[in-house]
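To start, the structure itself, in structure tokens.
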Number of protein chains: 2
Amino acid sequence: MAHSSPEHWDQVATVPEVVVTRLPQYVRVLKELAAQGVQVANSQQLGEHLQVTPAQIRKDLSYFGRFGKQGRGYHIGTLLEELQHILGLNEQWNVAVVGVGRLGKAILSYPGFTPDGFHIVAALDNNPELIGQEVEGVAVRPMEDLPGVVQQHNIQIAVVAVPSRFTQTVIDNLVECGVRAILNYAPISPQVPTGVNVRNIDPVLSLQSMTYFLANGG
Amino acid sequence: MAHSSPEHWDQVATVPEVVVTRLPQYVRVLKELAAQGVQVANSQQLGEHLQVTPAQIRKDLSYFGRFGKQGRGYHIGTLLEELQHILGLNEQWNVAVVGVGRLGKAILSYPGFTPDGFHIVAALDNNPELIGQEVEGVAVRPMEDLPGVVQQHNIQIAVVAVPSRFTQTVIDNLVECGVRAILNYAPISPQVPTGVNVRNIDPVLSLQSMTYFLANGG
DNA sequence: TAGATTGTTAATCGATTAACAATC
DNA sequence: TAGATTGTTAATCGATTAACAATC
């Protein structure tokens, strides 16, 4: 079976971002089903696992191709392969961690990134006491080495774990060096030019919206 | 100025959840402006800081009351107070961390929760080597103590940092004990009954949606 | 008062869901 | 072939934005 090609996608209606954010969840559930030995599932069954409507699954998938068979459903293995390919999850992505404080160290030692093809290959910090040290097998380099590090290791993704007041500057530097995907752990929403993606990990915001429901009897 | 009362809200159209999730961001920006000595701002100016349209700010706020003055704008201090009150951020919230592994320890030592009124007052784990130890001044208790701990410390919020395969069971226990707000760090979407709020912190999903744009030239 | 900006209603936009012809 | 389920179009729903009368 042929993979849907980028050339094909160009001719197709732009995919809404919200659809893209659901695809990784589809991948997760498909992996789980595959691990359980399930071979085929229809949109109804997938919807139950994902807590979404069958129509939404079919619509979401239709942005990328025709992966199902009428009367049968979807072959799990094939669909999983297709979605991983679409998301670029069959590729290896080199990641730099910027900021090797308490949080940065926790991220460097977090085992959850590696199985999904994200390889932390560089760490940067401005603290002279940290520079040169190895953390989880990665040598800490000074911030001024950023351009070289990005080029040398082909860094495509940065994880930023520096104090809020430095975050915007660090991200400006990263963008300048050609990094176009940034996972930010500081409690701010950094500004970036079009074409650069930022995702914020902000547990305090999550807590603060939940207290609304606690305080108002949700 | 009177606070909008919960009795009033009951009569009013239900607030969309997406609006509630924006309020904490409004609070953050208002705090920043207040710290800079700004006294008054109109929806245009607030919108620039928040990267949203002035119309959206006015609409969002209108779900909760009339906080502005025509011809002038919003008094920062007053609006901040109002929003904090609406979100329950003037209250103290007691938090339990469940799972004191590497991630749980990092959360216990993360200083970002405390300034916002979230107090981690309990930690639970099933590892006999951890039980009885103190981590960041909090004694680790066995999971079987959960009901007592929740009651004793008036726990309203739980942060769950246990391995994925235990997460659903742990969350079931928490719900059973009356906890209605859960911040989950495991890479799954747990099922909870209506009236219980879960927020998932899932950096891998964020990375996996960014690779889509990297792989497809976004 | 005149000018500015809110609060709110109506228009628009976009995403989700329903329905069904196409087809495996 | 008959039955089932997709892929897609049309209908619905909800959220965002525009516009403006109310009013500070």
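Residue numbering restarts at 1 for every chain, and letters A, B, ... go by the order of the sequence lines. Hydrogens, waters and symmetry mates are skipped; everything else that's a heavy atom, side chains included, is used. Just so it is clear, the structure is predicted and the values come from calculations on it, not from any experiment.
- When both pairing distances are held under 3.5 Å, D/dT8 makes a Watson-Crick or G-U pair with C/dA19.
- In terms of modelled atom types and a separation under 3.5 Å, the side chain of B/Trp93 and the main chain of B/Gly88 share a donor-acceptor contact.
- Among residues two or more places apart in sequence or in another chain, the ring-ring contact (aromatic ring centres under 6.0 Å, His included) test is passed with A/Tyr110 by A/Phe113.
- Regarding contacts with the backbone of D/dT16, a side-chain N or O of B/Arg22 is found under 4.0 angstrom from either OP1 or OP2.
- When both distances must be under 3.5 Å, the Watson-Crick or G-U wobble mate of D/dC13 is C/dG14.
- There is no side-chain donor-acceptor pair under 3.5 Å between B/Gln156 and B/Asn94.
- When Watson-Crick and G-U wobble pairs are counted only if both distances are under 3.5 Å, D/dC24 pairs with C/dG3.
- Residue B/Tyr63 contributes atom OH, which lies 11 Å from atom P of D/dG14 at whole-angstrom precision.
- In this structure, a donor-acceptor pair under 3.5 Å is present between the side chains of B/Asn184 and B/Asn200.
- Sorted by first then second residue, the salt bridge (charged side-chain N to carboxylate O under 4.0 Å, His left out) pairs that include residues 198-212 of chain B, not counting sequence neighbours, are A/Arg28-B/Asp202, B/Glu17-B/Arg199.
- Remark: side-chain polar atoms of B/Thr53 are paired, donor with acceptor, to backbone N or O of B/Gln56 under 3.5 angstrom.
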Reading nucleotides 6-12 of chain C 5' to 3', which nucleotides get B (base under 4.0 Å from a protein heavy atom), which S (sugar-phosphate only), which -?
BBBB---
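- Rounded to whole Å, atom C1' of C/dG14 lies 14 Å from atom CD of A/Glu17.
- Residue B/Gln56 contributes atom CD, which lies 14 Å from atom P of C/dG14 at whole-angstrom precision.
- For the OP1/OP2 pair of C/dT17 and a distance below 4.0 Å, the side-chain nitrogens and oxygens of A/Thr53 include at least one atom meeting the criterion.
- Following rounding to the nearest Å, A/Gln51 (CD) and C/dT17 (P) show an atom-to-atom distance of 12 Å.
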